[in-house]
Amino acid sequence: MSPQQFSSVVLEWFDQHGRHDLPWQQGITPYRVWVSEIMLQQTQVSTVLNYFDRFMQALPTVQALAEAPEDEVLHLWTGLGYYTRARNLQKAAQIVVAEHAGEFPRSVAQLTELPGIGRSTAGAIASISMGLRAPILDGNVKRVLARFTAQGGYPGEPKVANALWMAAERFTPMTRVNDYTQAMMDLGATLCTRSKPSCLICPLQRGCEAHLLGEEKRYPEPKPRKALPQRRALMPLLTNHEGAILLYRRPSSGLWGGLWSLPELDSLEQLDDLAYQHGLRMTERQALQGLTHTFSHFQLAIEPWLVRVDSLGPHVAEPDWLWYNLATPPRLGLAAPVKKLLARAADALIAGESR
């Protein structure tokens, strides 16, 4: 199948069967495409839908994002995970406003100079919102091209990635690049899926080498598996008489950077030091249901404790610590496990009051 035939059948399929009503496909601008692409990295469309609309309502322009408090940005991102994406999003917005007069650069090379924007995301912004010919290679497109060309190896390996980029460049047409980009992402998301590809209704089946070999599920080859290291942390939820929980802001770099979180201890013995640090006296403590959170490179087993405390008197508030009111929560960025634990603490406090 020639490149012209490839793009032609993909576009014909898209016109008839592609998705045309996603929120980021309406009122297309570089800003809307960019935010959607960052949200969609390692995240399902169904999950992103509500987040995207909420984000756009709160921060409708790149200027609004650039000027927003970091806590507001992280609050809007809470639950999406990979929070470096949100911090880079705001850094890039500030650069676009400060150095490009609020207009996104009109080249892939310049777009990739912005924090958090790689070659594929830059290609999506350039092609979808600017009509520039720029190939993309997100997870869905990698899968389509790996199967179509029967490209062996894990796509994360440089040699394999280069081969797939060459294929992406070869098949990207000179016209209708915006629709073609959407079509390729749609094809991978709806037909050429990871576990159950719908080959019989795929427009590329006649030229797909993996299909001709009857080995669609062999491609692309998965990342070689390694056992995830296990870590454990004790997370106390110190609660005062108002039912507020003590939180602290994590450093801007590293795990859950810039988010508000619970203290992490190695043992219950360290509770005394934590309480003393904040001028508090512990009155009673209660074990809550634990949870395990999986990161990309390790698993964290969290042992939560609800600890009721009294104040020992006036105490100088420490920076980057606050009492989080469960009844009227402030708009802060919270890691997903912390949000779950706060909900469990609220349930436990209500149950305790009813006894």
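Please read these numbers as outputs of a predicted model, since none were measured by experiment. Starting from 1, each residue takes its place in the sequence as its number.
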| said: Could you report the tightest heavy-atom contact between R32 and Q26, atom names first, then the distance? | reply: NE-O, 3.1 Å
| Below 4.5 Å, heavy atoms only, C-beta onward: do S261 and L247 meet side chain to side chain? | no
| said: Can you confirm whether L80 sits close enough to T43 that some side-chain heavy atom of one is under 4.5 Å from a side-chain heavy atom of the other? | reply: yes
| query | Rounded to the nearest 0.5 Å, what separation is found between the OG atom of S2 and the CZ atom of F171? | reply | 8.5 Å
| For the ring pair F6 and F148, is the centre-to-centre distance below 6.0 Å? | yes
| said: Just checking R19: does its CZ atom have more than 12 heavy atoms from other residues, nucleotides or ligands closer to it than 6.0 angstrom? | reply: yes
Please report, to 0.1 Å, the donor-acceptor pairs under 3.5 Å made by any side chain of residues 111-123, with sequence neighbours excluded.
residue, atom, partner, partner atom, Å
T112, OG1, V108, O, 3.2
T112, OG1, A109, O, 2.8
S120, OG, L137, N, 2.8
S120, OG, D138, N, 3.2
T121, OG1, Q41, NE2, 3.1

| query | Does R85 pair with E37 as a salt bridge, N-O distance under 4.0 Å? | reply | no
| field | Side-chain touch P222/Y154, heavy atoms, less than 4.5 angstrom | value | no
| request: Would you confirm whether H75, through its side chain, and L332, through its main-chain N or O, come within 3.5 Å as a donor-acceptor pair? | output: yes
| How far apart are the closest heavy atoms of D71 and G258, and which atoms are they? | OD1-O, 4.5 Å
| Could you give the distance from CE (M130) to CG (N178), rounded to the nearest 0.5 Å? | 12.5 Å
| More than 12 non-hydrogen atoms from neighbouring residues, nucleotides or ligands closer than 6.0 Å to CD on Q44, yes or no? | no
| said: What's the separation between atom NE2 in H211 and atom CG in L213, rounded to the nearest 0.5 Å? | reply: 10.5 Å
| Note, R176 side chain near D15 side chain (heavy atom, < 4.5 Å) | yes
| message | Is there a side-chain contact between F295 and L300 in this structure, where contact means two heavy atoms from C-beta onward sitting under 4.5 Å apart? | response | yes
| message | So, taking the atom named CZ in R147 and the one named CD in E215, what distance separates them when rounded to the nearest 0.5 Å? | response | 12.0 Å
| Where L306 and I245 come nearest, the two heavy atoms and their spacing | CD1-CD1, 4.4 Å
| Do W34 and F104 have their ring centres less than 6.0 Å from each other? | yes
| query | What heavy-atom pair brings A348 and Q286 nearest, and what distance separates the two atoms? | reply | CB-NE2, 4.1 Å
| query | Under 3.5 Å, is there a donor-acceptor pair between the side chain of T239 and the main chain of R308? | reply | no
| task | Using modelled atom types only, decide if a donor and an acceptor are shared between the side chain of R87 and the backbone of S252 within a distance under 3.5 Å. | result | yes
| query | What distance separates M166 CE from Q151 CD, expressed to the nearest 0.5 Å? | reply | 10.0 Å
| query | Does R231 make a cation-pi contact with F298 (under 6.0 Å, within 45 degrees of the axis)? | reply | yes
| How long is the span from the CD1 atom in I28 to the CD1 atom in I125, to the nearest 0.5 Å? | 13.0 Å
| message | Does any part of the side chain of Y31, heavy atoms only, come nearer than 4.5 Å to the side chain of L59, both counted from C-beta? | response | yes
| task | Report the relative orientation of the aromatic rings in W24 and F52; use parallel for angles under 30°, tilted for 30 to 60°, perpendicular for over 60°. | result | perpendicular
| query | Counting distance only, does the side-chain N/O of S36 pair as donor-acceptor with the main-chain N or O of V33 below 3.5 Å? | reply | yes
| If we only count heavy atoms from C-beta on, is the N50 to R54 side-chain gap below 4.5 Å? | no
| message | Quick check: closest heavy atoms across T149 and E209, and the distance to 0.1 Å? | response | O-OE1, 3.5 Å
| request: With the side chain counted from C-beta on, respond yes when Y219 and R143 share a heavy-atom pair under 4.5 Å apart, and no when they do not. | output: no
| So F55 and W77, would you call those rings parallel, tilted or perpendicular, with 30° and 60° as cut-offs? | perpendicular
| task | Look at K91 together with E70 and state whether they make a salt bridge at an N to O cut-off of under 4.0 Å. | result | no
| Counting only heavy atoms not in E157, do more than 12 fall under 6.0 Å of its CD? | yes
| When you look at CD of E103, are more than 12 heavy atoms from neighbouring residues, nucleotides or ligands closer to it than 6.0 Å? | no
| task | Please report the shortest heavy-atom distance between D53 and P23, naming the atom on each side. | result | OD1-CB, 3.5 Å
